[in-house]
Amino acid sequence: MKYLKYITLALITVFSACDLINPLEEELDAIDNKLNKQIEYTLTDDDYATLANLAKNIYPEDSNSIAFFENRQYFTEAVSAAKYIPLLMNSKFPNLG
């Protein structure tokens, strides 16, 4: 019984001296930094079809623009890639943000 008190006291001292959260916090910060990457990606024929399907669900009012880039497989100033490409990137690379 006498040793049980000393062992308990020693364990409490050891665990109260350790900062267990700080190493985990540093690891999580390192993971978050890796998720934001800049990539270069070239669209394929299949990507235009996938992009058109995604855009039809999100922008049903833009059916003419969607049909344009689906059939011709390029974008113009009137049919902006900036509006539609993030849909494809989010579906292909969801962890990159």
With a cut-off of under 6.0 Å to the ring centre and 45° to the axis, is Lys83 in cation-pi contact with Tyr59?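 Relative to the ring axis of Tyr59, which defines the angle, Lys83 lies inside both limits.
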Determine whether Asp47 and Tyr41 satisfy the following criterion, side chain to side chain contact (heavy atoms under 4.5 Å, CB included), listing intermediate values before the conclusion. CA-CA 11 Å; Asp47 290 333; Tyr41 186 82; 2.8 Å; yes
Closest approach of Ser91 and Leu54, non-hydrogen atoms and distance?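 Looking at all heavy atoms of both residues, the closest pair is OG-CD1, 3.6 Å.
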Non-hydrogen atoms of Pro86 and Ala81 that approach each other most closely: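 Taking every non-hydrogen atom into account, CD-O, 4.0 Å.
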NZ/NE/NH1/NH2 to OD/OE distance under 4.0 Å, Glu70 and Lys56: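 So Glu70 pairs with Lys56 through a salt bridge.
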How long is the span from the [atom1] atom in [X] to the [atom2] atom in [Y], to the nearest 0.5 Å?
{"X": "Leu4", "Y": "Leu9", "atom1": "CG", "atom2": "CG", "value": "11.0 Å"}
{"X": "Asn57", "Y": "Leu87", "atom1": "CG", "atom2": "CG", "value": "10.0 Å"}
{"X": "Ser63", "Y": "Phe68", "atom1": "OG", "atom2": "CZ", "value": "14.0 Å"}

Is any side-chain heavy atom of Gln73 closer than 4.5 Å to a side-chain heavy atom of Leu43?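 No, side chains not in contact.
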Go through the side-chain N and O atoms of Asn53 and Thr50 and say whether any donor and acceptor fall under 3.5 Å apart.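 Asn53 vs Thr50: no donor-acceptor pair found between side chains.
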Aromatic contact, Tyr74 with Tyr48 (centres under 6.0 Å):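 They do not qualify: ring centres at least 6.0 Å apart.
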Aromatic ring centroids of Phe69 and Tyr84 under 6.0 Å?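 Distance test on ring centres: under 6.0 Å, yes.
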Look only at the side chain of Ser80 and the backbone of Glu77, and say whether a donor-acceptor pair between them is shorter than 3.5 Å.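 No; zero donor-acceptor contacts below 3.5 Å.
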